[in-house]
Amino acid sequence: MPAAKKPNRKAQILQSLAGMLETHHGQRITTAKLAEEVGVSEAALYRHFPSKARMFEGLIEFIEETLFSRINKIISEEKDAANRCQLILHLLLGFAEKNPGITRILNGDALMGEQERLRERIAQLFDRLEVQLKQVLRERKLRESKSLQVDEALVANMLICFVDGKINQYVRSQFQRRPTQQFNEHWAHIKASYL
């Protein structure tokens with residue numbers, strides 16, 4: 001009989017942290033509470049992560065890897081710039097909707113009182129997303145010989161502001177107002193107005 005597979009404690013800790021961020025809305029997560037949730041001692045937590053900030057960084061790495069690997073797939077499979085933008089925005093909002101606890105990291109709510117570098121890393125994530133959208137819109141001129149009525153940087157910023165607003169609304173509503181709600185109607189207006 002093969003030995004029972006040992007649980008991946010590191011992944012379990014990150015999943016528990018994400019779950020607590022969803023259910024402990026507006027509350028600070030302490031390592032003591034997290035250790036109790038995982039069913040280990042605080043010392044055991046620190047064997048896997050040297051600090052609570054490192055746990056948050058683990059979740060941020062998960063966000064980055066998930067989003068950018070899927071964005072790369074969208075860009076390699078879809079050639080139309082407007083469709084690329086639509087798929088990227090829907091990906092971002094759908095990811096937030098499926099991961100409410102992690103969404104509190106995206107909007108900075110869960111990072112209040114934590115190390116400044118964590119908030120800076122999330123700001124950099126949104127900057128990278130905006131640059132990616134700007135690149136898609138710039139390539140549109142070359143690929144499709146279509147220009148926008150306004151600067152690509154302005155449109156990319158507006159698209160990120162739309163996503164950021166929907167994410168913030170989701171967190172403020174305690175995960176009741178889904179970010180993808182009315183996405184098709186919003187997208188139709190955005191496309192007609194800007195693309």
Side-chain angles (χ1 to χ4, degrees), residues 21 25 56-57 59-112 114-195:
L21 288 170
H25 196 83
F56 277 113
E57 284 178 342
L59 289 176
I60 293 170
E61 286 164 11
F62 167 75
I63 294 167
E64 291 170 339
E65 289 167 15
T66 302
L67 292 179
F68 287 104
S69 67
R70 292 180 185 169
I71 287 170
N72 289 337
K73 189 170 191 249
I74 289 168
I75 287 173
S76 71
E77 292 176 0
E78 179 58 58
K79 300 306 173 202
D80 180 77
N83 289 345
R84 281 178 171 180
C85 289
Q86 178 184 11
L87 291 168
I88 290 169
L89 294 186
H90 197 269
L91 165 70
L92 299 174
L93 297 175
F95 177 82
E97 192 169 302
K98 289 178 187 150
N99 299 284
I102 289 175
T103 301
R104 287 190 56 220
I105 294 173
L106 283 173
N107 89 325
D109 180 55
L111 301 177
M112 297 306 281
E114 299 298 334
Q115 293 185 10
E116 181 63 28
R117 69 185 161 94
L118 296 171
R119 286 187 296 285
E120 288 170 2
R121 189 145 174 204
I122 290 298
Q124 289 170 352
L125 169 71
F126 275 91
D127 288 345
R128 280 180 65 195
L129 292 168
E130 186 172 339
V131 166
Q132 185 70 69
L133 288 166
K134 188 171 20 176
Q135 185 63 35
V136 166
L137 295 170
R138 286 200 170 133
E139 286 178 11
R140 181 179 193 221
K141 277 184 193 175
L142 302 171
R143 286 180 178 270
E144 302 167 35
S145 299
K146 294 179 186 173
S147 358
L148 300 173
Q149 295 176 9
V150 294
D151 184 63
E152 295 94 355
L154 184 70
V155 176
N157 180 257
M158 190 273 310
L159 295 175
I160 285 298
C161 288
F162 167 72
V163 167
D164 196 29
K166 294 292 277 182
I167 287 171
N168 279 305
Q169 185 178 57
Y170 186 47
V171 172
R172 268 195 320 273
S173 72
Q174 296 191 9
F175 312 121
Q176 299 305 304
R177 292 191 69 179
R178 297 178 300 110
T180 59
Q181 193 174 329
Q182 297 178 311
F183 177 77
N184 292 334
E185 294 86 343
H186 285 123
W187 178 252
H189 178 71
I190 290 168
K191 187 176 179 184
S193 302
Y194 300 101
L195 303 173

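Quick note: numbers below take in every heavy atom, side chains included, and nothing from hydrogens, waters or symmetry partners. Since the model is a prediction, treat every value here as computed from it, not as a measurement.
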(message) Any carboxylate oxygen within less than 4.0 angstrom of a Lys/Arg side-chain nitrogen, looking at Arg121 and Glu64?
(response) yes
Across all chains, not counting sequence neighbours, the side-chain contact (heavy atoms from CB on, under 4.5 Å) partners of Glu114 are Arg28, Lys52, Phe56, Leu118
With a 3.5 Å distance limit and no angle check, can you tell me whether Arg119 reaches the backbone of Leu111 through a side-chain donor-acceptor pair?
yes
Does Tyr194 OH have over 12 foreign heavy atoms under 6.0 Å away?
no
message = Donor-acceptor pair, distance only, cut-off 3.5 Å: does the side chain of Arg84 make one with the backbone of Glu78?
response = yes
Can you see whether Glu120 engages Gln124 through a side-chain donor-acceptor pair at a distance of less than 3.5 angstrom?
no
Self-check item: Stepwise salt bridge (Lys or Arg N to Asp or Glu O under 4.0 Å) test for Lys73 and Glu77
Solution: CA-CA 6 Å; Lys73 189 170 191 249; Glu77 292 176 0; 3.5 Å; yes
Heavy-atom side-chain contact between Arg140 and Leu148 under 4.5 Å
yes
Please report, to 0.1 Å, the donor-acceptor pairs under 3.5 Å made by any side chain of residues 97-108, with sequence neighbours excluded.
unit_1	atom_1	unit_2	atom_2	d
Glu97	OE1	Thr180	N	3.1
Glu97	OE1	Thr180	OG1	2.5
Glu97	OE2	Arg178	NH1	3.4
Glu97	OE2	Thr180	OG1	3.3
Asn99	ND2	Phe95	O	2.8
Thr103	OG1	Ala96	O	2.7
Thr103	OG1	Asn99	O	2.9
Arg104	NE	Asp109	OD2	2.6
Arg104	NH1	Leu21	O	2.8
Arg104	NH2	Asp109	OD2	3.0
Asn107	OD1	Asp109	N	2.9
Asn107	ND2	Asn168	OD1	3.1

Take atom CD in Glu185; do more than 12 heavy atoms of anything else shown fall under 6.0 Å from it? yes
For the side chain of Ser173 and the backbone of Tyr170, is there at least one donor-acceptor N/O pair under 3.5 Å apart? yes
Notebook entry, point to check: Looking only at atom types and distance, does a side-chain atom of His90 sit under 3.5 Å from a main-chain N or O of Gln86, one as donor and one as acceptor?
Noted result: no
Q.
Is there a side chain to side chain contact (heavy atoms under 4.5 Å, CB included) between Ile60 and Leu125? Walk through the geometry before answering.
A. CA-CA 9 Å; Ile60 293 170; Leu125 169 71; 5.7 Å; no
